[in-house]
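Computed from a prediction, not measured in an experiment: that's the story for all the values here.
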There are 2 protein chains.
Amino acid sequence: MKPKPRLFAAPDLDALDDSIVRELSRDARLSMTELARRVGLSKTPVLARVRRLEEAGLITGYHATLSWPKLGLGCVTFVQVRLTDTREKALRAFNAAVSAVPEVEECHMIASGFDYLLKVRTRDVASYREVMGEKLSELPHVASTSSFVALEVVKDG
Amino acid sequence: MKPKPRLFAAPDLDALDDSIVRELSRDARLSMTELARRVGLSKTPVLARVRRLEEAGLITGYHATLSWPKLGLGCVTFVQVRLTDTREKALRAFNAAVSAVPEVEECHMIASGFDYLLKVRTRDVASYREVMGEKLSELPHVASTSSFVALEVVKDG
DNA sequence: CCTGAAAAATTATTCGC
DNA sequence: GCGAATAATTTTTCAGG
């Protein structure tokens, strides 16, 4: 018999936890009753497992997914940011400040060529220009930015 | 009196729809009862509005958010991809093929310098190397790729 | 650690207004 | 869009393997 392939690589998750996470990942509004049916367990252990997964921080939340274009936020821009100072204290200041900018959907520290890569979501390019000028370039220790506007979002979140 | 600021820019959403979307975006598991209480409406219109938002495709789904590091998928890599052919047919082939790669979390077509920017999630760098060699570089019309591994995920999804 | 059923609490849904 | 009543589900608990 072929062992069922796990989606996730965490060692302390058994196949049932894996199924639970996968199901809730696909549909966060499942009731415990329906979830139990899908993973082939009764409700009692399923509820206990979900609680455990939540408390262990493996499941961090449940969120509605939105159509950004239809909500009027269809413009995605990637920004390479270079800092003037990359010592720990400066990085921390930048991290905190950039996290507080709502238009910044993602921020990743990158190894080479530039220091950070940001993903920014705005209404349109004009709106991005504003965010860049008024918010991004004002972030602490920013030396320079390079922006790349997405022509088409092929796959997202 | 100050008009309440809207989060979203879509013209056909009133302030109540805006609140509903925002609440469900924060907690997808809210019951209609609790949601109604929060937006200050009774259940009947709230349910009708949620259905409308779902059917109009503004709300596309409800998903559990996961701690990728704790699930053993803590490695984020951005990949710039350049194609050998950027005619419509080639773009379409690439779009379809890249969308089917599960490790590719995002894919954006970019205006200049390179053609696509991919966000790839893997267990670790070794695992990314495999994905790159076996999947990404085999995608249709790929001329070259440049990979940037994230040292730290400051803000995500 | 899981099952299954019973009890209690919420919820969705449908009315008339 | 409201608020109450109904009907359906769900959460939660508990005895038992």
Side-chain angles (χ1 to χ4, degrees), chain A residues 1-67 70-72, chain B residues 1-67 70-72:
Chain A
M1 191 126 91
K2 201 164 39 173
K4 188 165 26 168
R6 302 264 184 81
L7 186 56
F8 302 110
D12 54 322
L13 291 191
D14 63 15
L16 288 168
D17 289 324
D18 192 274
S19 297
I20 289 172
V21 169
R22 184 154 63 239
E23 289 296 337
L24 285 176
S25 176
R26 268 205 348 189
D27 183 1
R29 304 212 56 161
L30 284 176
S31 68
M32 290 301 134
T33 307
E34 174 62 12
L35 180 58
R37 200 190 60 74
R38 294 204 191 183
V39 305
L41 228 58
S42 66
K43 312 167 195 182
T44 318
V46 166
L47 179 62
R49 280 165 182 267
V50 170
R51 290 246 189 290
R52 209 194 91 234
L53 290 167
E54 288 171 352
E55 272 156 29
L58 290 161
I59 295 175
T60 57
Y62 303 93
H63 306 283
T65 304
L66 310 175
S67 166
K70 290 187 181 176
L71 285 166
Chain B
M1 191 128 83
K2 201 165 35 175
K4 187 166 23 165
R6 303 265 185 84
L7 187 54
F8 302 109
D12 53 322
L13 292 191
D14 64 13
L16 288 168
D17 287 325
D18 192 273
S19 296
I20 289 172
V21 169
R22 185 155 61 240
E23 289 295 338
L24 285 176
S25 175
R26 266 205 352 186
D27 182 1
R29 305 213 54 162
L30 283 175
S31 68
M32 290 302 135
T33 307
E34 173 63 12
L35 180 59
R37 200 190 59 74
R38 295 204 190 181
V39 304
L41 227 58
S42 67
K43 310 172 201 179
T44 319
V46 166
L47 180 62
R49 280 165 180 268
V50 170
R51 290 246 188 291
R52 209 196 91 235
L53 290 166
E54 289 170 351
E55 273 156 29
L58 290 161
I59 295 176
T60 56
Y62 304 93
H63 305 282
T65 304
L66 310 175
S67 167
K70 291 187 181 174
L71 286 166

Practice problem: Could you please name the option among D/dG1, D/dT11, C/dT3 that lies closest to any side-chain atom of B/L41? | Solution: D/dG1

Self-check item: Minimum side-chain heavy-atom gap B/F8-B/L58 below 4.5 Å
Solution: no

Practice problem: Establish, with yes or no, whether the OP1 or OP2 oxygen of C/dT13 is under 4.0 angstrom from a side-chain nitrogen or oxygen of B/T44. | Solution: no

Self-check item: Nearest-0.5 Å distance, OH of residue B/Y62 to CD of residue B/E54
Solution: 3.5 Å

Self-check item: Value in whole Å for how far the P atom of C/dA12 lies from CZ of A/R29
Solution: 7 Å

Practice problem: Would you kindly give the CE-to-P distance between B/M32 and C/dT13, to the nearest whole Å? | Solution: 9 Å

Quiz item: How many Å lie between NZ on B/K43 and P on C/dT11, as a whole number?
Solution: 8 Å

Quiz item: Would a 4.5 Å heavy-atom cut-off, applied to side chains only, mark A/D14 and A/R49 as touching?
Solution: yes

Quiz item: Dot-bracket, DNA chain C: Watson-Crick or G-U, under 3.5 angstrom, [ ] crossing, | other strand?
Solution: ||||||.||||||||||

Practice problem: To the nearest Å, give me how far apart CD (B/E34) and P (D/dT10) are. | Solution: 19 Å

Quiz item: Looking for any heavy atom pair under 4.0 Å, which part of the strands does A/S42 touch: base, sugar-phosphate only, or nothing?
Solution: base

Exercise. With heavy atoms under 4.0 Å as the rule, sort A/P45 into base, sugar-phosphate or nothing.
Key: base

Quiz item: Between D/dG1, C/dA12, D/dT11, which one does the side chain of B/R49 approach most closely?
Solution: D/dG1

Quiz item: Looking at B/R51, does any N or O in its side chain come under 4.0 Å of the phosphate oxygens OP1/OP2 on C/dT13?
Solution: yes

Quiz prompt | Of the listed nucleotides D/dT11, C/dG4, C/dT13, the one nearest the side chain of A/T33 | solution = D/dT11

Quiz item: Taking C-beta and beyond as the side chain, do B/L16 and B/V46 meet within less than 4.5 Å on heavy atoms?
Solution: no

Quiz prompt | Non-hydrogen atoms of B/S67 and A/G57 that approach each other most closely | solution = CB-O, 3.1 Å

Quiz item: Hey, are the side chains of B/R26 and B/R38 touching, using non-hydrogen atoms and a 4.5 Å cut-off?
Solution: yes

Exercise. Using a 4.0 Å heavy-atom cut-off across all strands, classify A/R37 as base, sugar-phosphate, or nothing.
Key: nothing

Quiz prompt | Beyond-backbone contact of A/L53 with A/I20, side-chain heavy atoms, under 4.5 angstrom | solution = yes

Exercise. Round to a whole Å and report the spacing from CG of A/L30 to C1' of D/dT11.
Key: 15 Å

Quiz item: Given the C1' atoms of D/dG17 and C/dA7, what is the spacing between them in whole Å?
Solution: 22 Å

Quiz item: How long is the line joining CZ of B/R38 and P of C/dT11, in whole Å?
Solution: 12 Å

Quiz item: Can you check the B/L47 CG to C/dT13 P distance for me, whole Å?
Solution: 5 Å

